[in-house]
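Just below is one structure, and these are the notes that go with it.
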Amino acid sequence: MKEYNHNKIEKKWQKFWDSEETYKTENKFKKKKYYVLDMFPYPSGAGLHVGHPRGYIGSDILARIRRMQGFNVLHPMGYDAFGLPAEQYAIEHNIHPRKAVEKNIKTFRGQFDKIGFSFDWSRQVNTTDPEYYKWTQWIFLQIYNSYYDLEQNKARPISELINKLEKTHRGWKELSEIEKEKILMEYRLAFEGFSEVNWCPKLGTVLANDEIVDDKDGNPVSERGGYPVEKKSMRQWFMRITAYADRLASDLEGLNWPQHIKEIQKNWIGVSHGSEIEFKTSIDRNIKVFTTRADTLFGVTYVVLSPEHTNIGEFIVQSSNMAEASKYIREAKEKSSKGDLTRDDKEKTGIELKGIKAINPANGEEVPVWIGDYVLASYGTGAVMAVPQHDERDREFSLKYNLPIIDRPLVDAKEITKKVGGKFVTKYKMRDAIFARQRYWGEPIPLRHDKNGLITPLKEKELPLKLPNVTGYEPTGTGESPLASVKAWVKEGYETNTMPGWAGSSWYFLRYMDPKNKKNFADKKNLEYWKDVDLYVGGQEHATGHLLYSRFWHKFLFDMGYVPTSEPFKNLKNQGLIMANDGRKMSKRWGNVINPDEIVKTYGADTLRVYEMFMGPFDETVAWSTESIIGSRRFIEKVWRIGEKVLENQKNVSLSLTLPRVRVGAHTLQKPSSDSLLKLLHKTIKKVTEDIEAMRFNTAISAMMILASEIEKEQGRTLDLQKDPTLSSEDYKKFLQILAPFAPHVAEDLWQNLNSQGRTLGSLKVRPFHSSIHLSKWPEWDEKLIIDEEVKIAVQINGKVRAEIEISIDMKDTDVFTLVENNESIKKWIDGHTIIKKIYVKGRLVNLVIS
RNA sequence: GCCCAGAUGGCGGAAUUGGUAGACGCGAUGGACUCAAAAUCCAUUGAUGGCAACAUCAUGAGAGUUCGAUUCUCUCUCUGGGCACCA
């Protein structure tokens, strides 16, 4: 018997698949398609650890079974290589980011190849490739040149808006280009604006909210380094994602995604339906408030404005405590470290605007007007009607400042809104997305600014606008992108901000459909054929980032008629994390990282794959245990041993034949499988098929382990007695086929050996080539074979199991009860008792309720 | 604080719509094979009592519904994740 040498076998077949192009996907438009996608990785310098492949193995198993089931499978891989870490790495190692990315991609590819994935590498994409980001820029321009038409509830070209404005607004034509631009900027789906950013002078960079922590005095500092952070207003590019808030929220319902991911997105979008109500005041200014509780309008005791409210100045100048109020606002702004978006949850403060009263439109009551830092300027109208009786925050504020709390009856929200002339509106927590980074390593934004500030988009033929080479990637220290110090760049008037990391990843799944297209981001025919992603596998950390942004872009492309579906990912599955042995996340910093290369070297890729799928449920967090891998390795070895024996037997039979025919082969001349083993085989085929489709890989493997053990036992018995296996090699091949998605190398090796043997005619060697097991037809199970006619059922007395009996599956319940009541071990329990109730659950159990 | 998910042997985990809790794997103990070791195979392995047949108790804690609850309901504890003054 040959030794199981995983290194030899795995290398051999990886080479074979590569040279045979086993996994190459053609656009066969007649064949039914299946698109299995992994979230493409960011190729970091650290390479893959053992946790990364988990999702890829799961999706690979799906890709393989679908291929065998006759689908035309698209299963691509690529790299999301723009972004801060590459730039950081470049600075630290003094190497151009492009070079660093190239190097890291090579490492990644090497690691991928060792694990035996069935990716079609001819479709690889790389977001930093100018041929790729040309289309990222192109999509940006489409978004820039569009607005959201509220009547049609979809995006339309900005030219349509201009037409409308020309017709309806006489003065439009007289406006200067700059003035027009200003107005249009209010509509464009990609627009320029200013925003307060978290500026860290020491790092010379802008930080995201989650990159900031509080130091021991409660002051905001950078997470990295602990340097002070301040606010700074900066020119930015934005994406008007809020235009899609409603559709992004409501379309979630139709998606087959994990419930909690949908929940996270829903909360993030934060839809609330309410009313906008105007309060007249004692000065010549109204205060518009937003409320979801118009029914509490009679309970209003004061009105509060945010310190950043747009009209705050006009109120302050008319108040009798103007100096005090201005001082309060200044302090409030300083206090809010992370911008008004997420003011720290400290104690609420406020100040009354003395001398100004607001009038409750419901009953004409005069109430005081306050400024309070618990009101956010960026949500609703930036002003709130306070009802301490029904709102906890208003109550807290009232208690602190000794404001009255009154109990008034509730009224109908709709009626009262109408009565006071309010409007029904929907508000969202979600903000427009900032679409600019003051960084080098990102897609250049394809726009020109002229001296007067007029913006012109680049023409399509000018794309891609390639990143220029620079001498240094360090932040400029002024907050501007390193591109601002490239003379030629600035001379052309090119935008110096680059796109954020999520730009390239918002549409890459479309590029895989037609990755080499030079005329379009993808050809229409391909887009219509591959349509959308049937299964998307990735981590749940992208719930509010990538998964939301790509839905947004996709909806935009759908509105404009570029893609055939309004949602990109029909089904989504999240793989769970693999923690280290010590229960912590795998990280260089804890020194607990396990490299898959080492596992592959010692145990083999097939073992790694089986183990990672066997560890636990696919979507749950599990801890790595190198100790436990051995179980998966033993299983593979068992499969190997069985295979070697099948091969041996086949050889014996074929030797005894005088004139074997090539096509018939030895196996068909063997005895059919024994009943029980055949039955088990078919049950296993069913279980594995169904489990893979539901991504219950752990139980699928468990079922195959049971089958393998049974086969080996049977082999042992029959070989010892009569040298005649009871499992035909045809049946054994079916087992190999269902194992193939999990352990593609061993399965292929044994499959090829079994197939090529029958083709050897004495000294006449037939070319030992057979089509791959991975392109063979997935075995079917025989429903008739699976049914158990005799079943063991439990007999319970008052819910406690007292005996077990064997009955035929279609026995009538009365007969079953008779059998049970005459059973010796049951008799002793029912003697002297009366049977109150008899329950028979078909094929499962009998329960007798006795007094 | 609010929202979501989860808790089962020494460990990872199984358990169709409520129906024999602990499949499968790791580890452990004993045995076979071997000069020996490795590998492999066999047996045992939730707890307690008993020589045993067997009995009792067990799915984070407590209650409830039910003939029957790991599964459904309520309360609580802990763990993981999300949001964090969104009116």
Side-chain angles (χ1 to χ4, degrees), chain A residues 3 209 258-268 270-272 274-275 289-294 296 304 306 341-348 372-376 378-387 390-394 396-397 427-431 540-541 543-544 574 576-577 579 610-611 614-617 619-632 634-635 637-638 641 690 696 698-706 709 712-713 716 792-804 825 835-850:
Chain A
E3 274 290 297
N209 280 341
Q259 198 50 48
H260 74 279
I261 299 284
K262 292 209 248 180
E263 205 71 40
I264 291 171
Q265 283 209 357
K266 213 174 120 191
N267 290 342
W268 182 264
V271 181
S272 10
S275 316
V289 301
F290 171 70
T291 179
T292 54
R293 295 294 308 273
T296 63
V304 213
S306 161
L341 306 179
T342 55
R343 207 189 301 280
D344 293 356
D345 192 4
K346 285 173 190 154
E347 206 185 331
K348 300 173 182 37
D373 65 354
Y374 75 102
V375 179
L376 304 175
S378 47
Y379 184 76
T381 59
V384 163
M385 59 180 223
V387 188
H390 293 282
D391 187 284
E392 234 178 273
R393 293 152 304 181
D394 297 341
E396 195 189 318
F397 195 77
K427 299 282 179 190
Y428 309 96
K429 277 195 226 179
M430 186 172 63
R431 314 292 157 101
Q540 63 155 7
E541 66 273 18
T544 56
N574 298 122
L577 285 176
M579 308 297 269
V610 167
Y611 175 62
F614 183 64
M615 290 174 86
D619 50 8
E620 268 170 40
T621 301
V622 282
W624 180 263
S625 159
T626 302
E627 206 181 39
S628 301
I629 298 175
I630 192 69
S632 301
R634 284 178 190 149
F635 167 60
E637 281 173 0
K638 186 175 285 187
R641 281 199 307 272
E690 289 172 354
R696 291 187 300 250
N698 53 336
T699 50
I701 291 167
S702 154
M704 289 189 287
M705 283 173 167
I706 294 170
S709 298
E712 192 170 48
K713 269 187 213 161
K792 270 187 190 154
I793 63 162
V795 183
Q796 297 183 335
I797 306 291
N798 285 350
K800 282 192 179 163
V801 182
R802 297 302 181 189
E804 204 174 58
S825 48
I835 298 171
I836 300 164
K837 200 171 174 183
K838 301 176 193 177
I839 295 144
Y840 172 53
V841 183
K842 197 181 172 191
R844 293 219 172 257
L845 57 72
V846 166
N847 190 13
L848 301 180
V849 185
I850 59 169

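All values derive from a computational prediction rather than experimental measurement. Numbers restart at 1 for each chain; the letters A, B, ... are given by sequence-line order, proteins then strands.
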Any residue meeting salt bridge (Lys or Arg N to Asp or Glu O under 4.0 Å) with A:E263, in chain and number order, not counting sequence neighbours
none
So, using side-chain contact (heavy atoms from CB on, under 4.5 Å) as the criterion, who are the partners of A:I797 when residues are at least two apart?
A:R802, A:I826, A:W829, A:I830, A:L848, A:I850
Applying the Watson-Crick and G-U criteria (both distances under 3.5 angstrom) with [ ] for crossing and | for other-strand pairs, one obtains for RNA chain B (((((((..(((......[....)))((((((.......))))))((((....))))..(((((..]....))))))))))))....
State whether A:K638 places a side-chain N or O below 4.0 Å from either non-bridging phosphate oxygen (OP1 or OP2) of B:C41.
yes
Verify the contact: side-chain N or O of A:K800 to OP1 or OP2 of B:C57, cut-off strictly under 4.0 Å; return yes or no.
yes
Length of the CD-P vector between A:Q540 and B:G6, whole Å:
13 Å
Who passes side-chain contact (heavy atoms from CB on, under 4.5 Å) against A:M430, sequence neighbours left out?
A:I241, A:A245, A:L248, A:W268, A:I269, A:L548
Which residues share a side-chain contact (heavy atoms from CB on, under 4.5 Å) with A:V610, sequence neighbours left out
A:S632, A:F635, A:I636, A:I701, A:F742, A:A743
If you compare every side-chain N and O of A:Y611 against the phosphate oxygens of B:G25 (OP1, OP2), does one of them come in below 4.0 Å?
no
Take the protein atom NZ of A:K429 and the nucleotide atom C1' of B:C85, then report the distance between them rounded to whole Å.
11 Å
Between A:N574 and A:I261, is any pair of side-chain heavy atoms under 4.5 Å apart?
yes
Starting at the 5' end of RNA chain B, which residue's closest nucleotide do you reach first, A:T292 or A:Q259?
A:Q259
Holding to salt bridge (Lys or Arg N to Asp or Glu O under 4.0 Å), I want the full list of residues that pass it with A:K427, two or more places apart in sequence or in another chain.
A:E276
Using atom P in both nucleotides, what's the gap between B:C72 and B:G80 to the nearest angstrom?
23 Å
Please report the distance, rounded to the nearest Å, between CE in A:M579 and P in B:U79.
15 Å
What interatomic distance, in whole Å, is found between C1' of B:C33 and the corresponding atom of B:A43?
15 Å
Looking at every strand, decide which applies to A:S272 at a 4.0 Å heavy-atom threshold: base, sugar-phosphate, or nothing.
sugar-phosphate
Residues in salt bridge (Lys or Arg N to Asp or Glu O under 4.0 Å) with A:E620, at least two apart?
none
Distance between the P atoms of B:C11 and B:A28, in whole angstroms?
15 Å
In whole angstrom, give me the gap between the C1' atoms of B:G13 and B:G46.
15 Å
Do A:T544 and A:I264 pass the side-chain contact (heavy atoms from CB on, under 4.5 Å) test, and can you show the C-alpha distance, the side-chain angles, and the key distance before you say yes or no?
CA-CA 7 Å; A:T544 56; A:I264 291 171; 3.4 Å; yes
Protein proximity profile, nucleotides 9-24 of chain B - base contact B, sugar-phosphate-only contact S, no contact -, cut-off 4.0 Å on heavy atoms:
---BSS-B--BB--BB
Syn or anti for B:G30, taking syn as within 90° of 0?
anti
If the P atom of B:U75 is compared with that of B:C2, how far apart are they to the nearest Å?
12 Å
Pick the P atom in B:C76 and in B:C4, then give their distance to the nearest Å.
14 Å
With rounding to whole Å, what would you report as the distance between B:A14 and B:C3 at their C1' atoms?
30 Å
Distances for protein N/O vs nucleotides 30-33 of chain B N/O pairs under 3.5 angstrom?
none

Just checking A:K266: base, sugar-phosphate only, or nothing, at a heavy-atom cut-off of under 4.0 Å?
nothing
Taking the nucleotide of RNA chain B with the nearest heavy atom to each, does A:V849 or A:G270 sit closer to the 5' end?
A:V849
Rounded to the nearest angstrom, tell me the gap between atom CD in A:E712 and atom C1' in B:C42.
13 Å
The criterion is ring pair (Phe, Tyr, Trp, His ring centres under 6.0 Å); which residues satisfy it with A:F397, sequence neighbours excluded?
A:Y302, A:W370, A:Y374, A:Y401
Tell me, with the steps shown, if A:Y611 and A:T626 meet side-chain hydrogen bond (donor to acceptor under 3.5 Å, both in side chains).
CA-CA 10 Å; A:Y611 175 62; A:T626 302; over 6 Å; no
Between B:U71 and B:U20, how far apart are the C1' atoms? Round to whole Å, please.
15 Å
Return the nearest nucleotide to the side chain of A:W268; candidates are B:A84, B:C41, B:C26.
B:A84
Could you work out, with side-chain contact (heavy atoms from CB on, under 4.5 Å) as the rule, every residue matching A:E392, not counting sequence neighbours?
none
Mind checking salt bridge (Lys or Arg N to Asp or Glu O under 4.0 Å) for A:K262 and listing every partner two or more places apart, or none if nothing turns up?
none
Is there a donor-acceptor contact under 3.5 Å from the side chain of A:Q796 to the main chain of A:L845?
no
Quick one: is B:A39 close enough that its OP1 or OP2 comes under 4.0 Å of any side-chain N or O from A:R634?
no
